[in-house]
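I have placed the structure first, in the form of structure tokens, so that the comments after it can refer back to it.
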There are 2 protein chains.
Amino acid sequence: MPTDTDVLDRTFHALSDSSRRAIVVRLSEGPASVSELAAPLEMSLSAVVQHIEVLQKSGIVRSEKVGRVRTCQLEPAPMRVVEQWIAQHRQAWEGRFDRLGEILKSTYGRTP
Amino acid sequence: MPTDTDVLDRTFHALSDSSRRAIVVRLSEGPASVSELAAPLEMSLSAVVQHIEVLQKSGIVRSEKVGRVRTCQLEPAPMRVVEQWIAQHRQAWEGRFDRLGEILKSTYGRTP
DNA sequence: GCAATACTTCAGTGATCGCTTAAGTATCTG
DNA sequence: CAGATACTTAAGCGATCACTGAAGTATTGC
């Protein structure tokens with residue numbers, strides 16, 4: 001049973017590659033087969049399969065094989081964990097903008 | 001000049017490590033020195049410095065040295081790019097389209 | 001001046017990453 | 001059944017990763 005930390009590690013890692021993000025963007029338009037996902041990417045089918053494996057390990061993507069075709073689709077749960085993590089620190093991202101100067105000033109009485 | 005793709009690659013990568021996320025969480029409470037950031041982490045100072053470098057290359061963290069102390073703080077811009085990317089695909093993550101399609105199908109017997 | 005402090009830099013190491021090629025295994029289609 | 005299709009699996013390779021430890025360089029306080 002993966003912890004939130006595991007999910008965050010794997011999901012952020014999965015999204016850190018532009019080929020994998022392209023796969024995710026394609027899947028956001030609806031389910032697709034492995035070859036459909038591979039078509040626009042300039043790499044071997046084997047490489048694409050490996051990217052899909054990374055996405056599956058993160059939980060972002062789920063797939064099912066029918067006959068000889070594996071169909072992939074998005075799974076929302078891991079992204080919700082990521083969004084939640086970001087939301088928890090959003091105020092800090094937005095609120096503490098460019099205050100180093102102020103802190104240094106209050107600490108040293110001047111800006112160096 | 002880094003493209004959005006570069007920013008996404010580096011920011012997602014930066015956040016894919018739990019030690020780096022711990023640094024980010026600490027910085028969300030306010031600026032901190034390198035040693036302050038290192039204190040709760042069970043690794044060498046050198047390792048922490050390398051994590052901070054990764055965060056700086058992504059643009060998430062900015063730092064300034066005064067005397068012998070380097071003070072780090074969050075920079076919101078890269079996170080906004082990440083939030084924007086997620087927002088663009090949120091509907092798909094949440095499965096609204098799929099469910100809407102199913103609902104319409106079960107109601108009208110077809111997708112309009 | 002001199003020791004403690006706060007990093008900084010560098011070389012090395014084992015693990016993981018993103019890919020390739022090659023050789024599989026099922027599953028359709030005619 | 002034969003050949004095409006859609007993956008699947010495995011080995012290997014150069015690059016990057018997350019560290020460590022050792023040796024540096026500025027500052028600061030006494």
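Below, chains carry the letters A, B, ... as their sequence lines are ordered, and counting in each starts from 1. All heavy atoms count here, side chains included; hydrogens, waters and symmetry mates do not.
We find that CZ of A:R21 is positioned 15 Å from C1' of C:dG18, with the value rounded to whole Å. Between the P atom of D:dA18 and the CD1 atom of B:I52 lies a distance of 14 Å, rounded to the nearest Å. Between A:F12 atom CZ and D:dC17 atom P there is a gap of 17 Å when expressed in whole angstrom units. Rounded to an integer number of Å, the gap from B:E36 CD to C:dC7 C1' is 13 Å. Between the CG atom of B:D17 and the P atom of D:dT16 there is a distance of 18 Å, rounded to whole Å. Between the CZ atom of B:R20 and the P atom of D:dC19 there is a distance of 8 Å, rounded to whole Å. For the pair B:M43 CE and D:dG21 P, the computed distance is 13 Å after rounding to whole Å. In this entry the distance linking CD of B:E64 with P of D:dA26 reads 19 Å, nearest Å.
Distances shown here put every side-chain N or O of B:H13 at or beyond 4.0 Å from the OP1 or OP2 atom of C:dC17. Using a 4.0 Å cut-off, no side-chain N or O of B:S44 falls inside it from OP1 or OP2 of D:dC19. A sub-4.0 Å separation between OP1 or OP2 of D:dC17 and a side-chain N or O of B:H51 is absent. Dashed line: the shortest gap from a side-chain N or O of B:R68 to OP1 or OP2 of C:dA4 is not under 4.0 Å.
Atom CD1 of residue A:I60 and atom CG of residue A:L15 lie 4.0 Å apart, to the nearest 0.5 angstrom.
Comparing D:dT8, D:dC19, C:dC19 by their nearest atom to the side chain of A:Q50 picks out C:dC19. Distance from the side chain of A:S35 is smallest for D:dA6 among the nucleotides C:dA6, D:dA6, C:dG18. The A:S46 side chain lies nearest to D:dA10 when the options are C:dC19, D:dT8, D:dA10. Closest contact between the side chain of A:A47 and the listed nucleotides C:dT8, C:dC19, D:dC7 involves C:dC19. Listed candidates were C:dA6, D:dT8, D:dA18. Nearest to the side chain of A:K65 is D:dT8. Checking D:dT8, C:dG18, C:dT8 against the side-chain heavy atoms of A:R70 singles out D:dT8 as nearest.
Nearest heavy-atom pair across B:V25 and B:S28 is O-OG, 2.6 Å. The shortest non-hydrogen separation linking B:V54 to B:H13 is CG1-CD2, 4.0 Å.
In the model, B:Q73 has no side-chain atom that pairs as donor or acceptor with a side-chain atom of B:S63 under 3.5 Å.
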**Message:** Assess the residue pair A:L55 and A:R20 against the criterion (side-chain contact (heavy atoms from CB on, under 4.5 Å)); give the C-alpha distance rounded to whole Å, side-chain angles, the decisive distance to 0.1 Å, and a yes or no.
**Reply:** CA-CA 7 Å; A:L55 289 165; A:R20 284 194 294 263; 4.0 Å; yes

